[in-house]
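See below for the structure under consideration.
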Amino acid sequence: MTTVSSEKHHSVIGKDELIHQTAARAGLSLKETGKVIDAFTEVVREELARGHEVRLMGFGTWSLRTVAPRKVKSIRGGQQITIPARKRVGFSVGAVLAQAARGPQGRAQGESERQGERRHH
């Protein structure tokens with residue numbers, strides 16, 4: 001599947017492609033890898049349902065966040081209605097993933113910043 005963004009053209013990796021790439025890197029069969037990915041997503045879902053945070057150091061953290069109730073104007077009739085408070089899943093990006101998203105220039109800048117910090121400490 002490919003999506004078009006106003007910034008640039010990029011591909012979306014789906015579950016099947018994720019399974020293929022992970023299996024190739026881990027030396028596992030596609031069936032085993034599919035089971036591992038399914039088990040992983042099930043554990044994340046169950047732990048979030050229990051109110052727990054799920055953290056993969058360097059990658060990111062999944063957590064439940066509370067969205068406050070808010071008042072909006074109804075598109076039917078125009079009267080004020082209140083959307084009740086709810087919970088939603090949030091994801092905070094970890095340092096390693098954030099650095100990868102910045103690309104080679106972001107890594108070079110981040111490395112020089114860390115080196116500068118080391119010199120000052």
Side-chain angles (χ1 to χ4, degrees):
M1 174 194 310
T2 303
T3 58
V4 177
S5 160
S6 59
E7 294 178 21
K8 61 183 176 180
H9 180 74
H10 66 277
S11 295
V12 176
I13 303 298
K15 184 177 177 182
D16 288 343
E17 183 62 22
L18 181 63
I19 290 170
H20 278 81
Q21 288 189 32
T22 303
R25 290 181 188 209
L28 298 171
S29 73
L30 294 177
K31 189 173 184 177
E32 290 171 320
T33 305
K35 285 181 180 180
V36 169
I37 290 175
D38 286 344
F40 171 77
T41 57
E42 188 176 315
V43 168
V44 171
R45 186 173 47 251
E46 288 173 358
E47 291 305 316
L48 286 171
R50 289 185 182 109
H52 298 156
E53 217 174 63
V54 179
R55 180 176 300 150
L56 288 177
M57 294 303 290
F59 186 78
T61 303
W62 289 267
S63 61
L64 282 181
R65 298 177 182 170
T66 301
V67 177
R70 58 193 172 104
K71 294 184 184 218
V72 297
K73 191 174 187 177
S74 171
I75 57 174
R76 293 185 196 155
Q79 62 263 61
Q80 281 289 87
I81 59 170
T82 301
I83 297 175
R86 63 183 175 89
K87 300 255 187 210
R88 71 170 181 86
V89 175
F91 181 76
S92 300
V93 177
V96 175
L97 185 59
Q99 188 177 42
R102 285 192 295 267
Q105 292 174 342
R107 275 189 290 259
Q109 180 182 359
E111 288 170 8
S112 64
E113 287 172 3
R114 281 191 301 280
Q115 289 170 356
E117 288 172 8
R118 281 188 218 124
R119 280 187 234 128
H120 296 292
H121 293 287

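These figures come from a predicted structure and were not determined experimentally. The figures here come from the full heavy-atom set of this structure, side chains too, leaving out hydrogens, waters and symmetry mates. Along the sequence shown, residues are numbered consecutively beginning with 1.
Listed by first then second residue, pairs satisfying salt bridge (Lys or Arg N to Asp or Glu O under 4.0 Å) with a partner in residues 50-63 read E47-R50, E53-R55, not counting sequence neighbours. Pairs passing the side-chain hydrogen bond (donor to acceptor under 3.5 Å, both in side chains) check and including a residue from residues 27-44, sequence neighbours excluded, read K15-D38, S29-E32. Sorted by first then second residue, the side-chain hydrogen bond (donor to acceptor under 3.5 Å, both in side chains) pairs that include residues 71-91, not counting sequence neighbours, are T66-K87.
I13 and L97 end up in different hydrophobic clusters when Ile, Leu, Val, Met, Phe, Trp and Tyr side chains are linked at under 4.5 Å. In terms of hydrophobic clustering, with Ile, Leu, Val, Met, Phe, Trp and Tyr side chains grouped at heavy-atom distances under 4.5 Å, L18 and L28 are assigned to different clusters. V67 and W62 sit in two unconnected hydrophobic clusters of ILVMFWY residues. Membership requires side-chain heavy atoms under 4.5 Å apart, directly or through other members. Cluster annotation: L56 is connected to V54 through the hydrophobic network of ILVMFWY side chains, with a link wherever side-chain heavy atoms come within less than 4.5 Å.
Across S92 and R65, no two heavy atoms sit closer than the pair OG-NH2, 2.9 Å.
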Stepwise side-chain contact (heavy atoms from CB on, under 4.5 Å) test for F59 and V96
CA-CA 6 Å; F59 186 78; V96 175; over 6 Å; no
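Within the 3.5 Å criterion, the main-chain N or O of D16 finds a donor-acceptor partner in the side chain of H20.
A distance of 7.0 Å separates OG1 in T61 from CZ in F91, rounded to the nearest 0.5 Å. If you take CD1 on I37 and CG on L30, they are separated by 10.0 Å, rounding to the nearest 0.5 Å.
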